[in-house]
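Owing to the predicted nature of the structure, the values given are computational and were not obtained by experimental measurement.
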Amino acid sequence: MRLFYHPEIKKISLAGVLYALGDPVRLEIVQRLAEQAELPCAALCIPIAKSTLSHHFKILRDAGVLHCRKEGTQHINSLRRQELDDRFPGLLDAVLKSAANEALDR
């Protein structure tokens, strides 16, 4: 079984997190995971190719935003909220609040 890469908290960079959150698809993934504690990839039902969705998950994992664990045949994803809050206090909440406000303005 191939293990997923999850960077140590001290190696998570602000630029990497902001890059990962700057894409609309990845931001949608993060928003959904903020509402639900954990979700398998398939539960997100985002209408893009599976390979593209996998790429977005990899970017989020590599940036330190997501934690992924394998459970049977599914990959269960969750936000590394506490670790991100420890490293960059208030950042994730600010991004999520801004995204929610932007959605209301549409």
Task: Shared hydrophobic cluster for Leu92 and Tyr19 (ILVMFWY, side-chain gaps under 4.5 Å) - done: no
Open item on the list: To the nearest 0.5 Å, what is the distance between CG on Leu91 and CG on Leu21?
Closed with: 7.0 Å
Task: Which atom of Ala63 lies closest to which atom of Gly16, heavy atoms considered - done: CB-O, 3.5 Å
Task: Donor-acceptor pair, side chain of Ser98 and main chain of Ala94, under 3.5 angstrom - done: no
Task: With Glu38 via side-chain hydrogen bond (donor to acceptor under 3.5 Å, both in side chains) - residues at least two apart - done: Arg69
Task: Hphob cluster co-occupancy, Tyr5 + Leu66, side-chain heavy atoms under 4.5 angstrom - done: no
TODO: Answer whether the closest heavy-atom distance between the side chains of Ile59 and Val65 falls below 4.5 Å.
DONE: no
Open item on the list: Run the side chain to side chain contact (heavy atoms under 4.5 Å, CB included) test against His6 and tell me which residues pass, sequence neighbours left out.
Closed with: Phe4, Arg61, His67, Cys68, Arg80
Open item on the list: Let me confirm one number: the CD-CG distance from Glu83 to Asp85, rounded to the nearest 0.5 Å.
Closed with: 10.5 Å
Open item on the list: Does the Lys NZ or Arg CZ of Arg26 fall within the cation-pi geometry relative to Phe57 - under 6.0 Å from the ring centre and within 45° of the axis?
Closed with: no
Open item on the list: Less than 4.5 Å apart, side chain to side chain, heavy atoms only: is that true for Leu84 and Leu79?
Closed with: no
Open item on the list: Restricting to non-hydrogen atoms, name the atom on Leu27 and the atom on Ala99 that form the minimum distance, rounded to 0.1 Å.
Closed with: CD2-CB, 3.8 Å
Task: Contacts of Asp93 that satisfy side chain to side chain contact (heavy atoms under 4.5 Å, CB included) - sequence neighbours left out - done: Arg81
TODO: Would you give the length of the straight line joining atom SG of Cys41 to atom CG of Asn77, rounded to the nearest 0.5 angstrom?
DONE: 4.5 Å
TODO: Group every Ile, Leu, Val, Met, Phe, Trp and Tyr by side-chain heavy-atom contacts under 4.5 Å, then state whether Leu33 and Ile46 land in the same group.
DONE: yes
Open item on the list: With heavy-atom distances below 4.5 Å as the criterion, would you say the side chains of Gln74 and Ile76 are in contact?
Closed with: yes
Task: Residue from Thr52, Leu60, Val30, Ile48 passing side-chain contact (heavy atoms from CB on, under 4.5 Å) with Val25 - done: Ile48
